[in-house]
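Data block below; observations after.
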Amino acid sequence: AIFLIAFGVRLFMWQDTRLEVGKVQSVVADNYKTTAKQLSEVGVSGFFSSAGSLAGLNVLGHPPGYSIIIASITRIFGESRNAVQIFQITCDALSAVMIFLIAIELFPLAVGLIAGMLAAFSPQFAWNSVLLLPDTLAILPLLLAVYLLARAIRKPQVINFLAAGALVGLSCWLRANAVFMAPFLALMVLLVFEKRRRLQFAGAMLLGALIVISPMTIRNWIITRQFIPVSLGAGQTMLEGIADYDPTRRFGIPETDMA
């Protein structure tokens, strides 16, 4: 019921805003689309090439996961913005279900129902799900990771922690925001779980995240010979923030992505 309600709310949002979403961060959305087209043309090997079309620094501004998803959907359904949005709507509706499942692991059923329904009806979540950006998709793996940890409180197994770390790493392929979440959750594991095995559990989580994220880091090193764990986006945003508060241009830092 939560899934169907969430899906329906997002379909209404998609119908009402389909002419507006293309105006939101259109340059960024076009970059994802261009990278997806290049990925379709050169394949996985081209992703690791330092001489190909995917070696430009502009591609390093964001993780490649969203472009990979667009390329995969395009291969199945053709070049269709609607297909990408329906896929995102489906994933976001599943996220509302995951919030419900996490809540009922830790609280009474009524709390889970309220949490799930609030997520299902949330206008902010619904709006984000129809934007041509990876923000919505990056959330589902994180919720799955938290769900595995919530279940592990009752029956801890190393595989659950390894999978949780891998899911955090998967989220980083879509957005770099969660790059420090695996160490944070590992710290939580050290505080919450039994002393005898907590180091093993925390290590498994860090290992899972490292395994999934490392192909991006290796690829970035091949192309730039610099240590860039995921992407350049966080650094760009930090520099633009400094530039916003530097009206005299004392530091000479550009204030836009393109600059």
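In what follows, residues are counted from 1 in the order of the sequence shown.
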Which atom of A243 lies closest to which atom of I253, heavy atoms considered: CB-O, 3.3 Å
ILVMFWY network linking L149 to L207, side-chain heavy atoms under 4.5 angstrom: no
Within one Ile-Leu-Val-Met-Phe-Trp-Tyr cluster: L4 and V9, side-chain cutoff 4.5 Å: yes
For the student: nearest non-hydrogen atoms of M216 and P64, plus distance: SD-CD, 3.5 Å
Within 6.0 Å of CZ in R249, more than 12 heavy atoms from elsewhere: yes
Donor-acceptor contact below 3.5 Å, side chain S129 vs main chain A126: yes
Distance, nearest 0.5 Å, that separates OG1 of T248 from CG of D246: 4.5 Å
For A150 against E105, the heavy-atom pair lying closest together: CB-CB, 4.0 Å
M13 backbone acceptor or donor facing T17 side chain under 3.5 Å: yes
Closest non-hydrogen atom pair, F3 against T90: CE1-O, 3.8 Å
Among L185, L187, L148, side chain to side chain contact (heavy atoms under 4.5 Å, CB included) partner for M205: L185
Beyond-backbone contact of V27 with D30, side-chain heavy atoms, under 4.5 angstrom: no
Donor-acceptor contact present, side-chain R10 to main-chain A6, <3.5 Å: yes
Joint hydrophobic cluster, L94 plus L133, side-chain heavy atoms closer than 4.5 Å: yes
Given L143, L137, D135, the one that forms side chain to side chain contact (heavy atoms under 4.5 Å, CB included) with I139: L143
F12-L118 co-clustered via ILVMFWY side chain contacts under 4.5 Å: no
Interatomic spacing from OG in S95 to CG in L140 - rounded to 0.5 Å: 4.0 Å
Single-linkage hydrophobic cluster, 4.5 Å side-chain cutoff, V189 and L144 together: yes
Test item: T136 and F125 side chains (from C-beta on) under 4.5 Å apart, heavy atoms: no
Note, Q38 side chain near T34 side chain (heavy atom, < 4.5 Å): yes
pair L239-F251: side-chain heavy atoms closer than 4.5 Å: no
Donor-acceptor side-chain pairing of Q88 and Y66 below 3.5 angstrom: yes
Atom pair CD (Q226) and CH2 (W221), whose distance is rounded to the nearest 0.5 Å: 7.0 Å
Side-chain (S214) to main-chain (I211) donor-acceptor, under 3.5 angstrom: yes
Electrostatic pair E79:K37 at N-O distance under 4.0 angstrom: no
Side-chain heavy atoms of I73 within contact of F87, under 4.5 Å: yes
Can you give me every donor-acceptor pair (side chain of residues 158-182, partner residue at least two apart or in another chain, under 3.5 Å) with its distance?
unit_1: S171; atom_1: OG; unit_2: A138; atom_2: O; d: 2.8
unit_1: W173; atom_1: NE1; unit_2: V212; atom_2: O; d: 2.7
unit_1: R175; atom_1: NE; unit_2: N177; atom_2: OD1; d: 3.3

Intermediate values then yes/no, side-chain contact (heavy atoms from CB on, under 4.5 Å), F227 and N220: CA-CA 7 Å; F227 177 68; N220 295 342; over 6 Å; no
Shortest non-hydrogen contact from G61 toward Q236: CA-OE1, 3.6 Å
Heavy-atom pair of closest approach, residues I104 and G112: CG2-CA, 3.8 Å
Check: I69 and S72 side chains under 4.5 Å, non-hydrogen atoms: no
With F100 via ring pair (Phe, Tyr, Trp, His ring centres under 6.0 Å) - residues at least two apart: none
Donor-acceptor under 3.5 Å (E255 side chain, D244 main chain): no
Check: L106 and I153 side chains under 4.5 Å, non-hydrogen atoms: yes
Worked verdict on I114 versus V111 for side-chain contact (heavy atoms from CB on, under 4.5 Å): CA-CA 5 Å; I114 292 170; V111 175; 5.8 Å; no
pair I68-L39: side-chain heavy atoms closer than 4.5 Å: yes
Distance, nearest 0.5 Å, that separates CD1 of I242 from CE of M238: 5.0 Å
Test item: T217 side-chain N/O and P229 main-chain N/O as donor-acceptor pair under 3.5 Å: yes
Distance in Å, R81 CZ paired with I86 CD1, rounded so as to fall on 0.5 Å steps: 12.0 Å
Gap between atom CZ of R198 and atom CE of M188 - 0.5 Å precision: 13.0 Å
